[in-house]
Amino acid sequence: MLKSIELANHFGFKVINGDLSALNRPVTVAELDRPGLELLGLFQFYEKDRIILLGNKEMALIQDSDPDFIYHNCLKIFAPECPAVVITHNNPIPECLMRAARETNVPLFSCDRDTSELSSSIYIYLSEALAPRTAMHACLLEIYGVGVLLMGESGIGKSEISLELIRKGHCLVADDRVDIADVRGKLIGTCPETIYGMMEVRGIGIINVSRMFGVNSLTKRSHIRLLINLVPFNTEIPLERIGMKTDHYEILNESIPLIRLPVSAARSMAEIIETAVTNFKLKDDGYDTGYEFQKRLLEIQERRLEEKREQEKFVKAVTQVQEREAKKNSDKGE
């Protein structure tokens, strides 16, 4: 749970008001509020659980209004559900506002940043900090700029295949466990701090990836766009042969494409995965090899049908000529 004091520490706010209990108020929503209408006494659409920003416009409105009127409205604005009030541009705090803050024990912060810029920064920060999260037993790599989640049963070789991909120049995000957050509709994968940069290779143990392959072999986060499920090779299990069908896998209510790849000792899985990612990027750019293959088959079939029709026309024409010649000869004989 994110608390007001954590927000203040992240952005370097100066604490003006609020005891320990106030500074530990939870921040539950990413939306912010600039209470111009509320300062004028209109509370019909007021959301009490939002962080409040008071910029130059709000402070000018307070200065031009009756202090007692502003004081009573601030008592309503500084509700117990309000996680924090932030005054920007280092504006001086009017006495009526300060008095209401002390009486309601609201967390009151001050900073020198621009209001609009700070609003965008806080929204981005809260979108990530409050995003729905989950964890998966998998490996996450960034291959050709695409976040690829490798899944499969234990012992199938996820770490070994990931190791080969890292040797080929791709980046590791996390091995064995991946923390995933749904940030504004995008699945962002990260690695737990305790295992960042580490991999377990069966028979060897734990290895330090950055020490062995360089610091460029690691990246701290990646946008997960593709899931590859490694399955044991089995000729009895039907798998996609042409690529016309696209399966999907749901994580935190977000759907991402899923590819099932059979694993066997004779297959170079790293190169097959590189091929799968390249094909995924081509599809994302609008080129689908499966549909191109189907289109080619249809064009060949259509061309052969046209050739057959032309042959039938030719045979029919020759037959008609032969029939006419036969009729002429028959007439002459008579």
Side-chain angles (χ1 to χ4, degrees), residues 1-133 181-185 188 252:
M1 180 186 297
L2 182 68
K3 299 178 181 179
S4 298
I5 189 62
E6 296 176 83
L7 178 77
N9 290 336
H10 180 82
F11 288 97
F13 295 152
K14 181 181 178 181
V15 179
I16 305 298
N17 183 75
D19 60 18
L20 189 60
S21 63
L23 296 176
N24 281 313
R25 287 188 185 182
V27 182
T28 58
V29 296
E31 290 79 10
L32 294 90
D33 199 3
R34 297 187 65 177
L37 292 175
E38 288 78 7
L39 288 170
L40 294 174
L42 302 175
F43 288 88
Q44 185 178 356
F45 302 103
Y46 179 53
E47 300 288 344
K48 296 180 179 181
D49 56 354
R50 295 183 179 182
I51 294 172
I52 293 174
L53 293 184
L54 297 176
N56 288 335
K57 292 181 180 179
E58 289 78 17
M59 300 309 288
L61 177 61
I62 291 172
Q63 295 290 351
D64 291 341
S65 302
D66 177 63
D68 193 53
F69 177 72
I70 294 295
Y71 163 74
H72 284 94
N73 287 334
C74 284
L75 289 177
K76 296 180 182 178
I77 294 171
F78 301 160
E81 297 85 358
C82 177
V85 178
V86 183
I87 296 175
T88 60
H89 297 284
N90 274 337
N91 280 312
I93 303 174
E95 177 57 32
C96 57
L97 190 149
M98 192 68 213
R99 197 172 112 206
R102 289 196 191 99
E103 290 187 19
T104 56
N105 194 31
V106 71
L108 182 62
F109 306 132
S110 177
C111 69
D112 60 355
R113 297 178 65 171
D114 176 76
T115 313
S116 298
E117 182 267 333
L118 179 62
S119 176
S120 299
S121 298
I122 292 179
Y123 177 73
I124 293 172
Y125 171 73
L126 292 180
S127 296
E128 297 191 14
L130 302 176
R133 297 178 182 275
D182 183 4
V183 181
R184 299 184 296 277
I188 305 299
L252 294 173

To check you understand the geometry: which heavy-atom pair defines the closest contact between [X] and [Y], and what is its length?
{"X": "Leu40", "Y": "Phe69", "answer": "O-CZ, 3.4 Å"}
{"X": "Phe78", "Y": "Leu97", "answer": "CE1-O, 3.8 Å"}
{"X": "Ala22", "Y": "Asn105", "answer": "CB-O, 3.1 Å"}
{"X": "Pro26", "Y": "Met1", "answer": "CB-SD, 3.3 Å"}
{"X": "Ser116", "Y": "Asp114", "answer": "N-OD2, 3.2 Å"}
{"X": "Phe43", "Y": "Asn73", "answer": "CZ-O, 3.6 Å"}

Distance from [X] atom [atom1] to [Y] atom [atom2], nearest 0.5 Å?
{"X": "Leu7", "Y": "Arg25", "atom1": "CG", "atom2": "CZ", "answer": "13.5 Å"}
{"X": "Arg34", "Y": "Leu39", "atom1": "CZ", "atom2": "CG", "answer": "11.0 Å"}
{"X": "Ile5", "Y": "Leu20", "atom1": "CD1", "atom2": "CG", "answer": "8.5 Å"}
{"X": "Thr115", "Y": "Asn56", "atom1": "OG1", "atom2": "CG", "answer": "5.5 Å"}
{"X": "Cys96", "Y": "Asp66", "atom1": "SG", "atom2": "CG", "answer": "8.5 Å"}
{"X": "Ile124", "Y": "Arg184", "atom1": "CD1", "atom2": "CZ", "answer": "6.0 Å"}

Check the pair Leu108 / Met98 against side chain to side chain contact (heavy atoms under 4.5 Å, CB included), numbers first and verdict last. CA-CA 9 Å; Leu108 182 62; Met98 192 68 213; 3.9 Å; yes
What I'd like to find out is whether the side chain of [X] reaches to under 4.5 Å of the side chain of [Y], using heavy atoms alone.
{"X": "Pro94", "Y": "Ile70", "value": "no"}
{"X": "Leu32", "Y": "Val86", "value": "no"}
{"X": "Met59", "Y": "Ile62", "value": "yes"}
{"X": "Leu23", "Y": "Lys3", "value": "no"}

Does the distance from a Lys or Arg side-chain N to an Asp or Glu carboxylate O, for Glu38 and Lys76, drop under 4.0 Å?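 Between Lys76 and Glu38 there is no salt bridge, as every charged N stays at least 4.0 Å from the carboxylate O atoms.
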Under a 3.5 Å distance rule, please check whether [X] uses its side chain to pair with a backbone N or O of [Y] as donor and acceptor.
{"X": "Ser4", "Y": "Pro83", "value": "yes"}
{"X": "Asn91", "Y": "Thr88", "value": "yes"}
{"X": "Tyr71", "Y": "Ala100", "value": "no"}
{"X": "Asn17", "Y": "Ala101", "value": "yes"}

Does the side chain to side chain contact (heavy atoms under 4.5 Å, CB included) test come out yes or no for Asp33 and Phe45, once each step is laid out? CA-CA 11 Å; Asp33 199 3; Phe45 302 103; over 6 Å; no
Start with the C-alpha distance between Cys82 and Ile52, add both sets of side-chain angles, then the distance that settles side chain to side chain contact (heavy atoms under 4.5 Å, CB included), and finish with yes or no. CA-CA 8 Å; Cys82 177; Ile52 293 174; 3.8 Å; yes
Around atom OH of Tyr123, are there more than 12 heavy atoms of other residues, nucleotides or ligands at under 6.0 Å? no
Measuring centre to centre across the rings, with the benzene-like ring taken for any Trp, is Phe109 within less than 6.0 Å of Phe11?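 Phe109 vs Phe11: aromatic centres not under 6.0 Å.
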Exercise: do Ser121 and Arg113 side chains pair donor with acceptor under 3.5 Å: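 Present: a donor and an acceptor within the cut-off.
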Pairing residues for Arg133 by the salt bridge (charged side-chain N to carboxylate O under 4.0 Å, His left out) criterion, not counting sequence neighbours: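 Scan of Arg133 (salt bridge (charged side-chain N to carboxylate O under 4.0 Å, His left out), adjacent residues dropped) gives none.
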Stepwise side chain to side chain contact (heavy atoms under 4.5 Å, CB included) check, Tyr125 with Leu2: CA-CA 11 Å; Tyr125 171 73; Leu2 182 68; 3.6 Å; yes
